[in-house]
Amino acid sequence: MEHPLFIYNTLTRKKENFVPLNPPFAGLYVCGPTVYGDPHLGHARPAITFDVLFRYLQHLGYRVRYVRNITDVGHLENDADEGEDKIQKKARLEELEPMEIVQYYTDRYHEFMDMIGVRRPSIEPRASGHIIEQLDMIDKIIKNGFAYEVNGSIYFDVEKYHKKFNYGKLSGRVLEDLYNNTRDLDGQGEKKKSFDFALWKKALPTHIMRWPSKWGQGFPGWHLECSVMSTKYLGETFDIHGGGMDLLFPHHECEIAQSVAANGQESVKYWMHNNMITINGQKMGKSLGNFITLEELFTGKHKLLEQAYAPMTIRFFILQAHYRSTLDFSNEALKAAEKGLIKLMEVCKQFDKIQPESKSTIDVKKIESELYVSINDDLNTASLIATIFENSKLVNRLVAKEDSISAEDLGTFKNLIHTFVFDVLGLAEASSAGTSSEALKVAVELLLQERVEAKKRKDFAACDRIRDRLAEAGILVKDTKEGFEWSLK
RNA sequence: GGUCUCUUGGCCGAGCGGCUAGGCACCGGUCUGCAAAACCGGCUACUCCGGUUCGAAUCCGGAAGAGACCUCCA
């Protein structure tokens, strides 16, 4: 590889050359959604970030197994409902079976991820489908002496673990600080230390989501599923583990501890974390109540939204920032992304208008190199997009015959841009937000054809009348050299 | 309170010691019956104060502001 791929490893805080453990295979595990609510903008970021990684690794020729879990067991809540499962709580409110909720939101998640061009992972395991494996791992951890039982619950003994290994290596936490700074929370009493975490929780009588175990009825702790399912499908050690930065601590720290405690070795070679999406500078989060669902984004029905945005606009918006930077939401930024994407799509189409010449005055090799340098620099999609835009001028010059290109170079150039835009970045034409029915299409095009005729007769009054009336109805007309284009506003 | 991160032009956002991305907006121009679109061109920023250096948005120290994690979260 002429330009090797570098990715930022949270574990070492450095950009590292990506070298898979077992080439040509590459293993990727990403923390997926907890399916108890509609997918929102915050879900889109990791999904898209790691989708690009998935696509790019495949582009590089790796045989990638991408595992992204569905958390359907639910996490323990620490509020007044003492120990009530999130999914269970929602279920009670809506009077549905917990699994019904899980199914519904899983489907919703898939539906919206499909819309923003996120490819389905190779395996999408559910926590509820891996209870046996989770119990097995708990056994291993107990056997190795890093967990203890209290009243039918099993806790991970962080202090004991830390004597032998390093708890806090990923997040940079110091155990002593943690001890001094952990707040008093519900159920702390059972644990030896406040920073110990549950591997298995005894189910209260009201708890519906429960499974039998040798310690009685209960449910798995909230970090366990990822350790278990990544091990099961990718092996005790695998290449890349990704997720949101908010999962860094405690979730991923605990995952490391669990895997090491059970298997005696590090599980992950490269840890990758995407940054948050902010709204007015503040994190968009479920608990903050300031999140915007993807459905709201696509329909424009949210008090912060000035208009609807196409799914591809959202993808482009996210890709225009580097994944490790926070990305601030605003209508202005989204509108800019909308136009930028249109322009990018336009550039891709321009290739077909280029007439090849006998020789090239442009350096396609150099362009290729620039593109790879961008993406290989820790998946810098922002820089990659910028590079493509820079070359858009060149494309237009070629169309205008101000530069020339050989047939061979043209093929390479077009393939290069198209590969990056469509295959790697996974972008596509933003389908006009409102779905136009076939009948509408026929009617509008009939009218516009009439308008073309009127124009030929130089009956501009009729021309303008048609255009104005359509505009009033929300249909935007644009004249092109070939004829016309229209879109729903 | 502890730990960590960030601060770039009107807005969004790259940047990792010299070449100062890119998008949107804006202003010119070309094109067009007009408009829109498209295309071409213009627009040189880096929170503040010190320091290192021939040279700093980029490195070091300090100040101010913002944010994240420490609790479910993508």
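Every chain is numbered from 1 and lettered A, B, ... according to where its sequence line falls, protein lines coming before strand lines. Since the structure is predicted, the reported quantities are computational estimates derived from the model, not experimental observations.
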- Does NZ or CZ of A:Arg13 lie under 6.0 Å from the centre of the six-membered ring of A:Tyr8, at an angle within 45° of the ring axis? no

- Per side-chain hydrogen bond (donor to acceptor under 3.5 Å, both in side chains), A:Arg324 is matched among A:Thr49, A:Asp378, A:Thr10 by A:Asp378

- Task: Could you tell me which nucleotide pairs with B:G65 by Watson-Crick or G-U wobble geometry, both distances under 3.5 Å, or answer none if nothing does?
- Result: B:C6

- Item | Selected nucleotide, minimal atom distance to A:Asp464 side chain, candidates B:C34, B:G22, B:A68 | B:C34

- Query: Between A:Asn396 and B:A38, is there a side-chain N or O to OP1/OP2 distance below 4.0 Å?
  - Reply: no

- Item | Candidate nucleotides B:C72, B:C24, B:G15, ranked by approach to the side chain of A:Tyr36 - the nearest | B:C72

- Message: Taking only the P atom of each, what is the distance from B:A45 to B:C19 in whole angstrom?
- Response: 13 Å

- Pairing nucleotide - B:C34, Watson-Crick or G-U, each distance under 3.5 Å: none

- Item | Given B:G13, B:G22, B:G10, the nucleotide with the shortest approach to the side chain of A:Glu332 | B:G10

- Which base sits across from B:U58 as a Watson-Crick or G-U pair, both distances under 3.5 Å? none

- Message: Under a 3.5 Å distance rule, please check whether A:Ser122 uses its side chain to pair with a backbone N or O of A:Tyr66 as donor and acceptor.
- Response: yes

- Query: Any side-chain heavy-atom pair from A:Leu57 and A:Ile240 closer than 4.5 angstrom?
  - Reply: yes

- Message: With a cut-off of less than 4.0 Å, is there a side-chain N or O of A:Lys343 near OP1 or OP2 of B:G23?
- Response: yes

- From B:G22, B:G13, B:A36, nucleotide with atom closest to A:Ala321 side chain: B:G13

- Message: Among B:C69, B:A35, B:G22, which nucleotide has an atom closest to any side-chain atom of A:Arg173?
- Response: B:C69

- Task: Measure the distance between the ring centre of A:Phe460 and the centre of the six-membered base ring of B:G33, then answer whether it is under 5.5 Å with planes under 30°.
- Result: yes

- Query: Which residue, A:Glu16, A:Lys15, A:Lys14, forms the side-chain hydrogen bond (donor to acceptor under 3.5 Å, both in side chains) with A:Thr12?
  - Reply: A:Glu16

- Message: It should be established whether A:Lys335 places a side-chain nitrogen or oxygen under 4.0 Å from OP1 or OP2 of nucleotide B:A25.
- Response: no

- Message: Whether the side chain of A:Arg13 and the base of B:C4 hold a donor-acceptor pair under 3.5 Å is what I'd like checked.
- Response: no

- Item | A:Arg173 to A:Tyr167, cation-pi by 6.0 Å centre distance and 45° axis angle | no

- Query: Which nucleotide sits closest to the side chain of A:Glu390: B:A21, B:G15, B:C12?
  - Reply: B:A21

- Task: State whether the distance check finds a donor on one side and an acceptor on the other, under 3.5 Å, for side chain A:Arg467 versus base B:A36.
- Result: no

- Task: With RNA chain B as reference, determine whether A:Thr387 or A:Leu394 sits nearer its 5' end, using the nearest nucleotide of each.
- Result: A:Thr387

- Item | Counter-base of B:A14, judged by Watson-Crick or G-U geometry with both distances under 3.5 Å | none

- Determine the Euclidean distance between corresponding C1' atoms of B:U20 and B:A63; express it in Å to zero decimal places. 27 Å

- Query: Nearest to the side chain of A:Lys283, which nucleotide is it out of B:A35, B:A68, B:A21?
  - Reply: B:A68

- Message: Let's see if you can work this out: which of B:G33, B:A14, B:C24 has an atom nearest to the side-chain heavy atoms of A:Lys455?
- Response: B:G33

- Query: Does A:Ser325 make a side-chain N or O approach to OP1 or OP2 of B:A14 shorter than 4.0 Å?
  - Reply: yes

- Given that both distances must come in under 3.5 Å, which nucleotide forms a Watson-Crick or G-U wobble pair with B:A25? none

- Item | Residue whose nearest RNA chain B nucleotide is more 5′ - A:Leu327 or A:Lys15 | A:Leu327

- Now, which nucleotide makes the Watson-Crick or G-U wobble pair with B:G1, with each of the two distances under 3.5 Å? B:C70

- Side chain of A:Cys463: nearest nucleotide among B:C12, B:G33, B:G23? B:G33

